[in-house]
4 protein chains.
Amino acid sequence: MKHIKIAPTPPMGWNSWDCYGASVTEAEVKGNADYIATNLKQYGWTYVVVDIQWFEPTANSSFYHPFTPLTMDRYSRLLPSVNRFPSAKNGQGFKPLGDYIHNLGLKFGIHIMRGIPRQAVHSNSGILGGDFTARDIAHTNSICPWNTDMYGVDATKEGAQQYYNSLFELYASWGVDFVKVDDIAASRLYNTHLSEIELIRNAIDHCGREMVLSLSPGPAPLEFAEDFKKNANMWRITDDFWDQWNLLYNMFERCEKWEKHVEPGLWPDCDMLPLGHLGIRSVDGPGGDRWTRFTKDEQVTMMTLWSIFRSPLMFGGELRDNDPWTLSLLTNKEVLQVNQYSHSNRLVSRKGDLVVWTARGCQGETYLAIFNISENEAFINTSLSQIGLFGKIQARDLWKQEDMGFVQENIEYTLPPHGSKLIKLY
Amino acid sequence: MKHIKIAPTPPMGWNSWDCYGASVTEAEVKGNADYIATNLKQYGWTYVVVDIQWFEPTANSSFYHPFTPLTMDRYSRLLPSVNRFPSAKNGQGFKPLGDYIHNLGLKFGIHIMRGIPRQAVHSNSGILGGDFTARDIAHTNSICPWNTDMYGVDATKEGAQQYYNSLFELYASWGVDFVKVDDIAASRLYNTHLSEIELIRNAIDHCGREMVLSLSPGPAPLEFAEDFKKNANMWRITDDFWDQWNLLYNMFERCEKWEKHVEPGLWPDCDMLPLGHLGIRSVDGPGGDRWTRFTKDEQVTMMTLWSIFRSPLMFGGELRDNDPWTLSLLTNKEVLQVNQYSHSNRLVSRKGDLVVWTARGCQGETYLAIFNISENEAFINTSLSQIGLFGKIQARDLWKQEDMGFVQENIEYTLPPHGSKLIKLY
Amino acid sequence: MKHIKIAPTPPMGWNSWDCYGASVTEAEVKGNADYIATNLKQYGWTYVVVDIQWFEPTANSSFYHPFTPLTMDRYSRLLPSVNRFPSAKNGQGFKPLGDYIHNLGLKFGIHIMRGIPRQAVHSNSGILGGDFTARDIAHTNSICPWNTDMYGVDATKEGAQQYYNSLFELYASWGVDFVKVDDIAASRLYNTHLSEIELIRNAIDHCGREMVLSLSPGPAPLEFAEDFKKNANMWRITDDFWDQWNLLYNMFERCEKWEKHVEPGLWPDCDMLPLGHLGIRSVDGPGGDRWTRFTKDEQVTMMTLWSIFRSPLMFGGELRDNDPWTLSLLTNKEVLQVNQYSHSNRLVSRKGDLVVWTARGCQGETYLAIFNISENEAFINTSLSQIGLFGKIQARDLWKQEDMGFVQENIEYTLPPHGSKLIKLY
Amino acid sequence: MKHIKIAPTPPMGWNSWDCYGASVTEAEVKGNADYIATNLKQYGWTYVVVDIQWFEPTANSSFYHPFTPLTMDRYSRLLPSVNRFPSAKNGQGFKPLGDYIHNLGLKFGIHIMRGIPRQAVHSNSGILGGDFTARDIAHTNSICPWNTDMYGVDATKEGAQQYYNSLFELYASWGVDFVKVDDIAASRLYNTHLSEIELIRNAIDHCGREMVLSLSPGPAPLEFAEDFKKNANMWRITDDFWDQWNLLYNMFERCEKWEKHVEPGLWPDCDMLPLGHLGIRSVDGPGGDRWTRFTKDEQVTMMTLWSIFRSPLMFGGELRDNDPWTLSLLTNKEVLQVNQYSHSNRLVSRKGDLVVWTARGCQGETYLAIFNISENEAFINTSLSQIGLFGKIQARDLWKQEDMGFVQENIEYTLPPHGSKLIKLY
């Protein structure tokens, strides 16, 4: 379980999917990395993640192109397409882009699909080391239901671990710090792909470089919680999350379900934050080029839930188009403190659509998050005795960064629909 | 919700069922009350509860006598049988016994069955106040499946509340402080009897005396949690609990299920403690006259779970026969402190049959309860970061009342089967 | 299994419930018996059945009077109330009424509730033979959820069979030919009361008189099918059936479910026919004094289903108020022939709400029942090969009693909503 | 629904799977065809079916070779591999073999997998007619879980019907009379592939030649019964059936479930008859080269069930190795008469493991099949009135082809475990 040391706090960063779908370019990645270095790094934002299909020359939106040829080396390993990532020329792969990001003081992440390219299997190309071919290790009943690039790798076959090792050695040589593996946590066709998760865990441990391992898509099945913990640092507890209220509403139930499994190094993941400028070359969501459809109340509610639950924080929009409001959501140190450093995070009560969570802080302070996820204004009265506080207590509104004076016995709020409060009590 | 003030901490006391079944006598009640006053009162033990069938002259064990005549007044109210409770002579009811217990500085409790005696309905006796008869308010489809004394009261009928008010006025006149109402929380034939729970809540509020309201039997259905809270102070989360390991084993799941519902004044109830000398005139359990069948490890495990979960503590054995070991379980102030005053009580993790609970104390200390409920010796490693503790921490074994020095990062124990530890970290 | 000889064809007759609820009088019973003798006997209608509460002096509608005193002998046996059945005076019970009905060439039936009167148990009256009392044999957890008259009898108690024997000896002395036992086939509180069914089977076999045994209410659980067959002649497959389309619609599914269990002597029972003048002193259904709410198409559909399924036929209305249409439904010999003498009755197909049943006749003829139970006119094409008929076949419309000439390969009909056809092919 | 004319009685024939797995050769097919022409044709045995992988040069057992190259034309259509079917040389496909079989007076059948070869998709080969390529019509989420040859065809794509039409035009040119389509009725990964079933129905109707359409594998879901009927002539109601008692035992439940759906032209299919010499180049079952593991009683029970249920009859063993016993099972005209010409086939009763079926014959005779599928000898008493027979009836044992004299009221048998009787009553 030494992998838990790699992500002692929930990873924070940027991911290209919500704004660029499968089609992000090197310039766009660098532009967002620059933005983070300038504006966000000091708040803890670190990871810059290139999402799916960087190996597909024809990628141009969030739609996939079935059976399209991919950029691949002779060892059945996918490579960045040079038309989209010019620095990958001459077989350099992502090494130059990784260097660029590291030079900004940030970390570099990539997305991969589990398995081996179907084009490798049908052309029967080789595997580094020479003893096996793609056809030897491809699983005969293991596809991704929503993407035609890969076959699963059959862990019972000789050569299976060797192939995954060859992949992660390549990624280590590129300087990859974070790998988001897709079609692995919650297959819609099969069960969770545990044996490939283990192959990947072994390959990371073998490659000589620390990498955060993130598993997608969700909802990851709760019954495999201990397996996810044993192998990964984060795993999606939700299907793709977008700027739609019903998805945010449902996240409260998902967080409740996973509450007991949040611990340092092991992070149930609520998915990217669809904030700011979204859908530039993506139609998922569904929706095209747009500003986030969440109201400001909903944005605060989302950030509050992700914080009191300690989800990883991965910004999904085009950072360079942020307005001051959006930026303010990412730079509230007192709120980020809850996400990064609180403990004993738990649901106190859910009565209908009135939800209360609490957590403790390092100096013994108590955090209280109060949510009205109903469609009507609601009055919420939280008894302090229920969270172990007696007598007069100081309170502070973390979003406003304002002291509220002393409270006693109860904290009462009238909240608008979809509204929330995040309070520090000490 | 002002009823929550009546039981700010989990009630502690003695109940006659586990040793005397349906047949306890006045002398036995007084004898146990005397013992509490001398040996236990200073540790918080307060309530002396006379369990079922005090109104049945023929009661002589834990078996019921179907359709047997009961002691009843002309207003369809059951009275203590004078052959068993001599001080009840001349219509004094439980007033003299209540006085005796109050004079010891203790509190007096009784058990009742919900409803109105069938003998009142079939003889059509009256109700105090004169407007209605027993037949007017008896529910036509509401019996207890395991006892033939009563019909349910139909809350939709005029006279129903009047009858319950007449009952609790009588109990108030006797000085009753605690009422355990049976056949109401989890009927085996019907659903939870919510409307009679509400009649009883109203009757207590109306009678002018504070009484703790305890609902039986269990398992109370979780879906009625908010209803139990709105009306009662404690409710059984289990069917009858006895000195059998499988029942204790199952309690861990019950506590996990009810964890979110423990709060000051509102106590999910794990049932009586079957310790010491049991079954003197009871064959329930099943088992006759015996010493508790729990091993010492199991007794500690039970007390530890009841403490970290904050269940009410009601001793079930004949107190006067306690040996030093049994007495020691009831007089460990540091353990009782966890039961009476901890907060934020929660399951940290359950991996198979290795269970960890935590709670916080009033001075900011953390309590940790570690259980091995498997059939084999087991090694349990609990990460302190998971419960929000970093750096070097002082530890104390509460059952041994010994300091353990400093711990860091992990607490590790090898526990025997059915064994447990209760640790204070500060 | 010799009881199957008692009802070789589905019993046909009249029952007092649909028009008089719990309150029928002797004059009304005799009036309907006279009508049968004059108008229906020659078509096979035979049984005259007095339904529930003939032992209750205060009965006056379909409502029950909770806990009301009942007419009972000193052996805990209920007797007809003389105010309603004057001929029962001087302890003659139903003997005079039985004689009257027998003299008309008809057979006499009564309804009873399983169990022993609660008033016998609470007054602890005796049982014929002297060894036991009512209290000895009453079941401690066995009531009827909708009627307060009785407790169940506990078959494990000595005296239980003796009590039931004493009941059926009395009924035999009255000349009873048919007993409808209620609260026994489908308890809403408990499971099917199998042990009391067996007590009753034994008591009938012991009493020396043949009686048809009919079990109520329904829906009798299919998993007890073999138990019903082993003990009874008919059992209700439905809850109370009334003149409402949705109940008739649902009967098609019930008949499909029970299809395999129809055989000579053993009759799954679709309940009484709510035709003609209904609800004279009944508000069940719900509905008061009225003419049947079924349209003529629905009445034909009901009679057709009861016939092709071979349900018992018990008319529910006040026979003396029949109009010619209603009488015509009861006197179509060709249709009744299907009910009384067909075999191999089976659902051929159900496609949505288009239903086809078939049966064979004694001369090798085939019966075909075609139903449109949808809300729209529908065209139904039935392939003759599917029911084993090839070549040119003669067809006859049984409701019209008209020849239809020859058919070949298919029978096609356009039927109105809720409409049906019953055809003989030969 | 005109396709029902193509198979007015259950198809009878031989299939290569049970003895040769995926590897049958032309010589073996011809040898078995010759045997049928000589020994079985006069009893109704007609179809000679070449099962899976005739397009795979490397096929050599019942194991598949993942991703192996297949024999294919330039229009993405699979062709017989010439190394296994020499007469297919020069692009003649199965035409010469079809001619051979037709010249024997028999009919020719082939097995196909639904979909389009993956090798066509990854090499993007064309489709006859020229407008589309394999990649255009391949479904992006539709594989067979147990065979890597094909992708499903996406019916929503232009070109999909065109491709299937090109397939069946080719098969028509070969003289194919029977097509068994696999991976289509009960996918283990997806639901039933209805849209491809419809493409195939259209393609057959379009090709100008009558072909029986058989769908595999099973168990076909009952909820799609009407869809199967609308498109196919037979569909498997079971997963692969082999010579193991538990599979035969389970078939009784499957037949019961499908009973209502047997009608002329539409045949729920119990799968091949694993009799005689099996597993010559197959290890499925599981088991290698062997004589059928069914006892003689079990073989008779199987043939009796397939007959009274009217399943298609496809012999699975190497016919040329038949012994007289095995041949006798295939040439009992009186038993085959039940399979081919009975009607109104139905389960009469199942009491535990004693099962009775009945059917009617064309001359009004009744067939009765009695099964003891328990592990112990059992006495079975069948009441004749229950199947509509009264009075004295002549009986004949069809397996023995012996008259049994007259029976009355009951037919009684003591049957060995797994034993059965097939009786004609007339």
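Just so it is clear: chains get the letters A, B, ... in the order the sequence lines come, proteins before strands, and each one is counted from 1.
Here the CD atom belonging to C/E263 is positioned 11.0 Å from the CD1 atom belonging to D/I387, to the nearest 0.5 angstrom. Remark: D/I4 CD1 to C/S385 OG distance equals 6.0 Å, nearest 0.5 Å.
Within a 6.0 Å radius of CD in C/E253, no more than 12 heavy atoms belonging to other residues, nucleotides or ligands are found. In this structure, D/E409 places its CD atom where only 12 or fewer heavy-atom neighbours from other residues, nucleotides or ligands lie under 6.0 Å away. Surrounding CD of D/E334 are more than 12 heavy atoms belonging to other residues, nucleotides or ligands, all under 6.0 Å away.
Of the listed residues C/P264, C/C362, C/A359, C/S342, the one with more heavy-atom pairs under 4.5 angstrom with chain D than any other is C/P264.
Within the 4.5 angstrom heavy-atom criterion, no atom of C/S349 approaches chain D. Of the atoms belonging to C/Q386, heavy atoms from both backbone and side chain fall under 4.5 Å from chain D. In this structure, chain D has heavy atoms under 4.5 Å from both the backbone and the side chain of C/L347. Using a 4.5 Å cut-off between heavy atoms, D/S344 touches chain C through backbone and side chain atoms alike.
In this structure the side chain of D/K260 reaches within 4.5 angstrom of the side chain of C/R346, judged on heavy atoms.
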